[in-house]
Amino acid sequence: MSVPILEACKKRKRRPKLFGFHTFGDSIQARGPFRESIRLFLQECAEIEDYNLEGMPVWCTLLVLENRSLVLPLYTIEEDVKTAPLPYCDHCRSTGWSKHFVAKRKYHFLIPIDDSWNKPLDDGVLDTHESHLLYGLIHSNGFGHLLSINGLEGGSKYLFGREIMDLWDRLCTSLQARKITVADTSKKRSMDLRLLHGVAYGHPWFGRWGYRFCHGSFGVKDYNYDRAIEILCTLELETIINDFSDTERFQDIRQIIRLYRDLSETQLITLKDLLKFMLTVKSRASAHGKVIIASSSTPVVSSFSISKPFTRTSLQSNNNKSHGRDNIKPVKYKKFSTVVANMDSRWPPRRLEFAADVIVKALKEKKESNFGSGGMTRQDVRDAARLHIGDTGLLDYVLKSLNNVIVGNQIVRRAVNPSTRILEYTIHEVRENPSKAVSQPSDQEIMFNQTQKFISTNTTPSTLVPGNDVYNDVIYLYRHVLLDYPASEIVELATQTVLDTKHFVKEWPFKDEEEQMLTFICRFIPSLSDESECGMSEIVSVPLHATVGELKNAVETALRDTYCVTEQIVVTDIDGLEEIDDGEILFGRLESGVEIRVRGNNGISNIGGYSKSPEGGLLRRQGGCDMWMVKCECGARDDDGERMVACDICEVWQHTRCIGIDDAENVPPLFVCSSCCDSLVPPRVAHRDEAASGKMEYCEDLLLPTHSFDQYGLAIGY
């Protein structure tokens, strides 16, 4: 449901502040670390609602979609961890942050689905984050997680995923976030985008905004991931053709490679070159007459569809044939709404029809300015439509479908201009004279004499025809080259390594820009604790004339405000300043922007561990208070969010996949790991041959599959 600006303001019974959606964040004058910036943000850019969610206060910021006269809410919800039913963060644990100390507050940022823009939030809104257009969570220490982005494909009527992602990135930057993670499990037409984009661009889709490797599942490290991407990106096309020469897919793969090589203006050598070109291919003509899309004699079959594979030379021959006056055949036209109904599109029909209307409007304006003559090249149409639609993928999708179709009362045609040899789009009124067009059309097919021939939109080829559909060709390469490469363990493991890397992170660099302030990264080291176990560091700023004692007080204030475990912290020493009196001026003794180590105590035993305090209830690390251990043969030593099972004897956790339990299978009621089997009962002589084969390991009546190879190190070359 769209919400007019005036209606939204009236329902809130006050005159709220309005911010531009596409510029919000750039103008926020937040200063200091996140814990301070978020308070300033809520004070100046948001208004508190007259209700709460399970005791949590809610703020709302109204963002205006300038070009659509709509307003949408950005909600900020503050959660007190000490009173929360689930104080620990599962997202921290699965991204390798289980040793992070529990922050005192969580800030939830969300934009609900379009139909809920003018409604109060429900109590369970935080439990259904998959349906929100935007949902992000940032702890009071500046570490957070992007949990949901849903653009047009995810149910939004107005916003693209790219626009929402831009907003989130500006918001995090303005609020001085430190690190934000995202679990990339997005798919498109059954393809995992982290694999497809990883090979085509060298980084995932979120890499456009600076997200890089964070934490791999199944023991994958950053160097494993980088090497896997390198292997797949540098896989040469000639090598692929040779490796598939003895398979039934040889002809299809060779045709796909040759087809897009012929279309590309640059040389396609590797798989990265090919996929990148296929994903970014733009059907346009150059000044030299090269046309990448089929001629006007080609009808629309479906999205990115043409009647036969297109080549550089096919256009000229087809065009010559189309001008023969002896072979005029009747052609059927369809309304665009009818064509859309038969499309297998990731965009909703209403969005496709809106894009078609925008394109026709641009063609109409061009026609009126040229007094009824002349067409527009594909690039000109695209540029004009982009003033209203930012999704270039949507525009390309619709443009390829606009040939011999009726949009409103206009017939859209696509033909090569005989003088310029460039493909052009033209429109013609439906109610023109009979020599040019037909009478008012019905919803059924309309007969019309032209030089094109009709192919039903319901026609679907039984086998792959390279060039008929770009995405079908991409899917074919994805399934058979990336997922089913013949006789190559290296490619197989490289692909699996990329698929096992779901968690990516963006880190904002520390900035020391305040000229009148001294800023430090203060890392707190509890007394009598292992320094390697203490990861608390906070950004603290003090005036230029501050004393050593004032710095200690500032550190205490920051730590008490940020973490549950340091509510009563007392800073006793600063490394390098142990012999300096607290009343001495700090300036000149420490350089601004450096990391300093501060020491102190909290009056609580085992501050660096996972157990609760003697007083009970004190929250320490995000991993929780349970002393559990992960030790899997893949190399994992921490929870990575994948399914695991614990040995009933040693209670050590392992991945179910690594011990041979399929994801579709239930975990057995009794599980004993291979190490415990060996220690309890040695293998019997009668079963040594079977055990030596490496398939099964014998332990009394338990047969357990074993996999003892180095999954990510051996074949990839580490």
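Just so you know, these numbers come straight off a predicted model, no measurement behind them.
Taking the charged nitrogens against the carboxylate oxygens, R93 and D639 do have a contact shorter than 4.0 Å, which makes a salt bridge. Between R589 and E584 there is a salt bridge, since a side-chain N of the basic residue sits under 4.0 Å from a carboxylate O of the acidic one. Between D169 and K506 there is a salt bridge, with a side-chain nitrogen of the basic residue lying less than 4.0 Å from a carboxylate oxygen of the acidic one. A salt bridge is absent between E578 and R599: the closest approach of a Lys/Arg side-chain nitrogen to an acidic carboxylate oxygen does not fall below 4.0 angstrom. Using a cut-off of 4.0 Å between Lys/Arg side-chain N and Asp/Glu carboxylate O, E538 and R35 are scored as salt-bridged. Using a 4.0 Å cut-off between charged nitrogen and carboxylate oxygen, K502 and E642 count as a salt-bridge pair.
With rounding to the nearest 0.5 Å, the separation of CG in L590 from CG in L551 is 7.5 Å. To the nearest 0.5 Å, atom NE2 of residue H203 and atom NE2 of residue H197 are 9.5 Å apart. A distance of 11.0 Å separates OH in Y563 from CZ in R621, rounded to the nearest 0.5 Å. Here the CD-OG1 distance, from E54 to T83, works out to 10.5 Å after rounding to the nearest 0.5 Å. Atom CG of L126 and atom CG of L121 lie 8.5 Å apart (nearest 0.5 Å).
A pairwise comparison of heavy atoms in V540 and A558 identifies CG2-CB, 3.9 Å as the closest pair. G32 and S37 make their closest contact through O-OG, 3.0 Å (heavy atoms, listed as atom of the first residue, atom of the second, distance). Listed here is the closest heavy atom pair of M56 and I77: CB-CG2, 3.8 Å. Among all heavy-atom pairs drawn from Y135 and H108, the shortest one is OH-ND1, 2.7 Å. Contact record, F34 with S140: CD2-O, 3.8 Å, taken as the closest heavy-atom pair.
A side-chain donor from one of R643 and T656 sits under 3.5 Å from a side-chain acceptor of the other. Using modelled atom types, one finds a donor on one side chain and an acceptor on the other under 3.5 Å when comparing Y107 with E78. No side-chain N or O of S537 forms a donor-acceptor pair with one of R597 less than 3.5 Å apart. Side-chain contact check for N224 and T497: no donor-acceptor pair (N or O, by modelled atom type) lies under 3.5 Å. Counting only N and O atoms by type, the side chains of S148 and N150 include a donor and acceptor under 3.5 Å apart.
Between W97 and H100, the angle of the ring planes stays under 30°, which puts this pair in the parallel group of the 30/60° scheme.
I180 has its side chain within reach of W168: a pair of non-hydrogen atoms, C-beta onward, lies under 4.5 Å apart.
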Report task. Go through F218 and H655 one step at a time and tell me if the ring-ring contact (aromatic ring centres under 6.0 Å, His included) criterion holds. Result -> CA-CA 8 Å; F218 302 103; H655 293 116; 4.4 Å; yes

Requested in this report: Output, in order, the C-alpha distance, side-chain angles, deciding distance and verdict of side chain to side chain contact (heavy atoms under 4.5 Å, CB included) for V505 and T95.
Outcome: CA-CA 9 Å; V505 65; T95 54; over 6 Å; no

Report task. Determine, stepwise, if the pair R178 / E507 fulfils salt bridge (Lys or Arg N to Asp or Glu O under 4.0 Å). Result -> CA-CA 6 Å; R178 297 174 67 181; E507 180 176 3; over 6 Å; no

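In this structure a side-chain-to-backbone donor-acceptor pair under 3.5 Å is present from D80 to K82.
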Which donor-acceptor pairs under 3.5 Å do side chains of residues 204-213 form with protein atoms, sequence neighbours excluded?
{"residue": "W209", "atom": "NE1", "partner": "D166", "partner atom": "OD1", "Å": "2.7"}
{"residue": "R212", "atom": "NH1", "partner": "G207", "partner atom": "O", "Å": "3.2"}

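Evaluation of the ring-ring contact (aromatic ring centres under 6.0 Å, His included) rule for H91 yields H145 as partners, not counting sequence neighbours.
A centroid separation of 6.0 Å or more is found between the aromatic rings of H139 and F143.
Checking each of T557, V555, D561 against L559 for a side chain to side chain contact (heavy atoms under 4.5 Å, CB included) leaves exactly one that passes, namely V555.
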